[in-house]
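Just so you know, ligand 1 is whichever comes first in the structure, and atom 1 is the first atom listed for that ligand. Quick caveat, the model's predicted, so the values are computed rather than measured.
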Amino acid sequence: MKRTKIKALLASQETGQQVCVKGWVRSFRNNQFIAINDGSTVKTIQAVAALDKFDDATRKRLTVGAAVGIVGELVESQGKGQSVEIVANEITIYGDADPEKYPLQPKKHSMEFLREISHLRFRTNTFGAIFRIRHAAAFAIHQFFNDKGFVYLHSPIITGSDAEGAGEMFRVTTFEPNEAPLTEDGKIDYKKDFFGKETNLTVSGQLEAELGALAFSDVYTFGPTFRAENSNTSRHLAEFWMIEPEIAFAGLQENMDLAEEMLKYIVKYALEHCADDIEFLEKRLLDEEKSKPMAERSPMPLKEKLEFCLDNDFVRLTYTEAIEILRNSKPNKKKKFKFPIDEWGADLQSEHERYLVEKHFKKPVILTDYPASIKAFYMRLNEDEKTVAAMDILFPGIGEIVGGSVREERYEVLKGKMEAQDISPEEMSWYLDTRRFGTCPHAGYGLGFARMILFLTGMGNIRDVIPFPRTPGNAGF
Ligand code: 4AD
Ligand code: MG
C-alpha cells in the first residue's frame with residue numbers, strides 16, 4: 001500500500017480509510033501506543049497496536065528510533081493531544097534500534113549532547129523544525145527572485161580570485177606536500193598544478209555575479225562559500241551558504257529596497273508555511289528562557305519577533321551617524337563597550353551593531369556609507385572620497401545579516417583601488433573587462449543564509465542551523 005506522509009494525513013482528517021505510514025518510533029507507551037514521526041512535520045501520529053493483535057516479539061522491537069511501517073484504519077482519537085490516530089492492522093519493522101545503544105530517548109537532550117551525536121540529530125523535533133524552516137527559506141528565496149525575473153547563476157566553487165581581498169581562503173591543490181614542483185625561489189609552483197594557477201575555495205560569488213548582471217540585468221547566486229577565518233563564535237562558519245543578488249542600472253537605494261523586501265518576504269513565507277515548526281521552537285525557547293537571568297531573556301517570543309520585523313520599516317542611517325550615537329552611549333549603566341568607539345574610521349564590532357539594533361533603535365537597521373579603508377576594493381567611492389556606498393543590514397540577536405554595496409563601475413578608479421590593495425589588475429583582467437566594455441552602475445549584496453536561519457528559528461548558535469557545520473577544529477565526520 002502506498003504510504004501517506006504524516007503531515008498530509010493529519011491535515012486530511014478523513015477517518016474511516018485504510019492508510020499506510022512509514023517512519024521512526026518516537027515513543028511506545030503502555031505496550032500499545034506507538035508515536036511515529038516521518039520528518040514531514042514536527043508532529044507525530046499515534047498508532048494503536050491492540051494487545052490481542054500483535055505478538056510479544058513484535059512489541060519488543062517497537063523501540064524508540066526503530067524504522068516501522070504501519071497499515072491500519074484512520075479513526076478519531078479518544079486521547080488528548082491528537083484528533084486522529086491509526087488502529088494498526090499490520091506492523092512492519094524495517095530496522096531495529098537497540099534501546100541500550102540508541103542515544104536519542106524521549107526526553108530533553110542538551111544542545112551540547114546533540115552536537116556530539118550530530119549525525120543523528122535530524123531525528124529530534126528541534127532539528128526537524130530547524131531544517132524544515134531552512135528548506136522553506138531556500139525555496140522562498142528562489143521564488144522571490146524568480147518572480148522578479150532574476151536569473152539564477154551558479155558561481156564556481158573553485159576559483160583563482162579572492163573576491164573580498166581579505167586573504168581568508170582555503171587553498172585547493174592536487175599536489176602531495178613533498179612532491180610539489182618548486183619555483184626558482186623555492187616556493188611551491190602552483191602554476192604547474194592541475195588547475196594551472198593558484199586556486200582556492202570561493203569566499204563569495206559576487207565577482208562572477210557581476211559578470212552575469214552586466215548581461216542579464218538581474219542575477220543571483222545561491223551556493224556554498226568558504227572562509228578560512230579562525231573565528232570560533234556562534235555567528236561564524238568556515239563553510240556557509242550565501243545568496244548574492246546583483247542588479248544592473250541600480251544604486252544604493254534600489255539595493256537597500258531589494259534587500260529589505262527580500263528579508264521580509266522570507267520571514268513572511270516562513271510564518272505562513274512553517275507555523276507548526278515556529279510554534280514548536282517558540283515553546284522550546286520559552287522553556288529555555290526560564291532558566292536564564294531576566295536580563296538575558298529575549299524581549300519577544302519568536303513569532304512576535306518575526307511579525308515585528310515584517311511590520312516595521314528598517315532604520316536607515318550612515319556609518320557616521322551611527323558613530324555619533326555610539327560615542328554618546330553605554331551598553332548599560334555600569335558597562336562601557338569592550339571596544340570604545342573613539343575615532344571615525346574604526347570598524348564596528350558586533351557589540352556596537354547589536355547595541356544599535358537591540359537597545360537604541362529596537363528595529364532592524366541598514367547602515368550605509370562606511371569608511372573606504374575598512375571595506376572591500378570593489379565598493380564604489382562616494383563623492384567625499386572617504387566613504388564608500390556600502391550597506392550592512394543588522395538584525396536583532398544576529399548583528400550583520402547582509403553585507404553589500406554599490407560597485408565601483410569606473411575603470412580607472414577601480415584599477416587604482418586594486419593597485420593600492422596589491423590586487424593584480426592583470427590577474428583580474430576578466431573582472432576589469434566589465435568596466436572596460438559596457439560598464440554601468442550596479443549594486444548587490446550577500447545574505448548569510450545560516451544567519452537568516454538563526455533569525456527565523458531563534459537558535460543561538462550557527463552550528464545548529466546548518467545540517468553539517470564546518471568550524472575551526474570541526475571538519476565533521
Ligand atoms: O559581508 P560579506 O563578507 O560580503 C560579501 O561576501 C560580499 N561579496 C557580498 C556581496 O556584496 N555580494 O558576507 C556577506 C554575508 C554577511 O553579512 C554574513 O551574513 C555572511 O555573509 N557571512 C557569514 N556567515 C557565516 N559565517 C561566516 N564566516 C560569514 N561571513 C560572512
Ligand atoms: Mg560584511
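- With sequence neighbours left out, Phe377 forms a ring-ring contact (aromatic ring centres under 6.0 Å, His included) with no residue at all.
- For a heavy-atom separation below 4.0 Å, the residues in contact with ligand 1 are Glu164, Ser204, Gln206, Arg227, Glu229, Arg235, His236, Leu237, Phe240, Met242, Glu244, Tyr378, Glu400, Ile401, Val402, Gly403, Gly404, Arg407, Gly444, Tyr445, Gly446, Gly448, Arg451, Ile462.
- Listing protein N, O or S atoms at distances below 2.8 Å from the Mg ion (ligand 2), with waters left out, gives Glu400 OE2.
- Proximity of a side-chain donor or acceptor of Asn125 to a complementary backbone N or O of Ala129 within less than 3.5 Å is not detected.
- The six-membered or imidazole ring of Phe337 lies near that of Tyr355, with a centre-to-centre distance under 6.0 Å.
- Smallest separation of non-hydrogen atoms from Gly345 and Tyr319: N-OH, 2.8 Å.
- A centroid separation of less than 6.0 Å is found between the aromatic rings of Phe314 and Phe395.
- Judged by the 6.0 Å distance and 45° axis criteria, Lys305 is positioned over the aromatic ring of Phe455.
- Side-chain rings of Tyr152 and Phe216 stay apart, their centers remaining 6.0 Å or farther from each other.
- The stretch residues 251-302 participates, sequence neighbours left out, in these ring-ring contact (aromatic ring centres under 6.0 Å, His included) pairs: Phe144-Tyr265, Tyr269-His273.
- The 12-atom threshold is not exceeded at CZ of Phe249, counting heavy atoms of other residues, nucleotides or ligands nearer than 6.0 Å.
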